[in-house]
Amino acid sequence: MSRLGNLGARLYRGEVGYDFVAKRMLWYGVSILITITAIVGLGVRGLNMGIEFKGGAVYTTPETTVSASKAEEIAEDAAGHDAIVQELGTGGLRIQVSGLDTKSANSLKDEIAAGIDVPVKDITAELVGPSWGEQIANKAWTGLAVFMILVVIYLAIAFEWRMALAALIALIHDLTITVGVYALVGFEVTPGTVIGLLTILGYSLYDTVVVFDGLKESAKDITKQTRYTYSEIANRSLNGTLVRSINTTVVALLPVAGLLFIGGGFLGAGMLNDISLSLFVGLAAGAYSSIFIATPLVADLKERDPQMKALRKRVLAKRAAATSKGEDAGRDGEAFTEVPEGAAAAVIGPRGRRGRSTENRR
């Protein structure tokens, strides 16, 4: 078995672990800092909305020797508006100019043709109205609202309202960070971006539900034992799915990273950036929020329950009594440390199974 696989098995059995839940204030602080940065970037720089949302014209030229930067200069001088120029695989150019009406678009076509020395008839012009992008945006907002409502209802029924609330906060966290990154880097927001944003919601939710499912099983009949608090069981459950979450995230990020860095960056296929950046940032943020935000937040909310408060008192009282007698209280929570060989008899694993270590069997 590989070292990572061996670590995953030991995490699942509860033999080693990292106390994510106990350090939740650190993760909350990091998330708040990132979120504030994203919001500030969004407020200061704003989003670079694509032509589909602002309206304008798109010109596709045949093969030409004029560089993209030179064509951009020609288009901006002639139109008086910002232009975005991309090189096509055919050797031609794709020139986007926002804020044009039909009359201005036709005259600009003639000037572009003269500037890059190609026949006017060989340039394809497409006029895009802002109403189309507005319809796309409105439908996306509607879909997002419906999705959020259905997620909360489903999680509240399948698990409980605390998990539904934590998942909703994690989703909002992921969206805010992704949109903030778009504002900071200045990538163009297109319908592809909207599709990417809606796609990452499903992934983020999947990762969170996997952790919550393990936590639900682990916490079954939790009040009938006095070895672990709810937060500790939540942490053990999180450790049990940690390697799976990491593997899933890495496998999902690799092809997206190829689109973003190789396709959009190295090969210059800029049209790939709009969807690949949202997927890349969203997938990473979704994995982070599932581990560092959602589960610790559930533990925080659950510990406020009277039954969990009573359980915590019993667990701490038992540990205090065991410590006074010089016995091992079996306390979890040390960062990636071995469970003592003489630990308490009943070990509750990620799936709520009970058993005794072989060393303590008589």
Side-chain angles (χ1 to χ4, degrees), residues 8 11-14 17-25 27-28 31 144 146-177 198-225 228-252 282-305 307-308 311-312 332-333 348-354:
L11 286 167
Y12 181 84
R13 294 192 297 266
Y18 185 84
D19 205 341
F20 294 99
V21 176
K23 296 177 174 60
R24 56 187 176 274
M25 297 311 296
W27 317 133
Y28 294 165
S31 293
L144 177 61
V146 172
F147 176 82
M148 292 291 193
I149 292 172
L150 292 178
V151 164
V152 171
I153 294 174
Y154 168 75
L155 291 180
I157 295 174
F159 300 101
E160 60 171 302
W161 68 267
R162 297 175 184 84
M163 292 185 177
L165 179 60
L168 180 61
I169 292 174
L171 289 176
I172 295 174
H173 166 273
D174 299 341
L175 280 176
T176 304
I177 290 177
L198 295 177
T199 302
I200 64 174
L201 294 178
Y203 176 85
S204 177
L205 181 63
Y206 164 79
D207 215 26
T208 302
V209 168
V210 168
V211 178
F212 283 177
D213 185 60
L215 176 55
K216 179 183 178 181
E217 292 186 29
S218 299
K220 187 178 181 180
D221 297 328
I222 184 176
T223 56
K224 296 181 180 180
Q225 54 85 46
Y228 298 109
T229 65
Y230 186 90
S231 292
E232 291 168 347
I233 288 184
N235 191 70
R236 290 170 66 86
S237 178
L238 182 57
N239 277 278
T241 58
L242 180 62
V243 171
R244 175 180 176 177
S245 296
I246 293 174
N247 288 339
T248 303
T249 302
V250 171
V251 169
L283 290 175
Y288 170 83
S289 64
S290 299
I291 297 172
F292 297 98
I293 302 299
T295 304
L297 191 55
V298 169
D300 254 343
L301 295 172
K302 194 70 174 179
E303 288 288 2
R304 300 172 187 270
D305 184 89
Q307 286 186 318
M308 297 303 109
L311 173 63
R312 174 173 285 276
D332 282 0
I348 304 178
R351 294 190 176 275
R353 294 179 302 210
R354 298 175 180 267

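Worth knowing before you read on, the calculation uses all heavy atoms, side chains too, and leaves out hydrogens, waters and symmetry mates.
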On a heavy-atom basis, which atom in L205 and which in L171 lie closest, and how many Å separate them?
N-CD2, 4.2 Å

For T248, what residues pass the side-chain hydrogen bond (donor to acceptor under 3.5 Å, both in side chains) criterion, not counting sequence neighbours?
none

Only counting residues at least two apart or in another chain, list the ones meeting salt bridge (Lys or Arg N to Asp or Glu O under 4.0 Å) with R162.
E160, D305

Could you give the distance from CD (E232) to CD1 (I222), rounded to the nearest 0.5 Å?
9.5 Å

Side chain to side chain contact (heavy atoms under 4.5 Å, CB included) between L297 and L165: does it pass, once the steps are laid out?
CA-CA 9 Å; L297 191 55; L165 179 60; 5.8 Å; no

Donor-acceptor pair, side chain of T295 and main chain of I291, under 3.5 angstrom:
no

Could you measure the distance from the CE atom of M163 to the CG atom of D213? Nearest 0.5 Å is fine.
9.0 Å

If you compare all heavy atoms of L283 against all heavy atoms of A252, which two are closest, and at what distance to 0.1 Å?
CD1-O, 3.8 Å

From L215 atom CG to E217 atom CD, the distance as rounded to the nearest 0.5 Å:
10.0 Å

Show every donor-acceptor pair shorter than 3.5 Å between a side-chain atom in residues 147-156 and any protein atom, with sequence neighbours excluded, or say none if there are none.
none

Answer yes or no: is there a donor N or O on one side and an acceptor on the other, between the side chain of R24 and the main chain of V21, under 3.5 Å?
yes

With sequence neighbours excluded, what pairs up with F292 under the ring-ring contact (aromatic ring centres under 6.0 Å, His included) test?
F20, W27, Y288

Here the gap from L168 atom CG to W161 atom CH2, rounded to the nearest 0.5 Å, amounts to 12.5 Å

Side-chain donor/acceptor of N235 to backbone N/O of S231, under 3.5 Å
no

Taking every heavy atom of R312 against every heavy atom of E303, the minimum-distance pair comes out as NH2-OE2, 3.2 Å

Where D207 and A287 come nearest, the two heavy atoms and their spacing
OD2-CA, 3.7 Å

Any residue meeting side chain to side chain contact (heavy atoms under 4.5 Å, CB included) with S289, in chain and number order, not counting sequence neighbours:
A170, H173, D174, S204, I293

Could you check whether any side-chain heavy atom of L311 comes within less than 4.5 Å of a side-chain heavy atom of Q225, counting everything from C-beta outward?
yes

Residues in side-chain hydrogen bond (donor to acceptor under 3.5 Å, both in side chains) contact with T229, at least two apart in sequence or another chain:
none

Taking Y28 for its side chain and P296 for its backbone only, find out whether a donor-acceptor pair lies under 3.5 Å.
yes

S290 and T208 have their tightest heavy-atom pair at OG-OG1, 3.0 Å

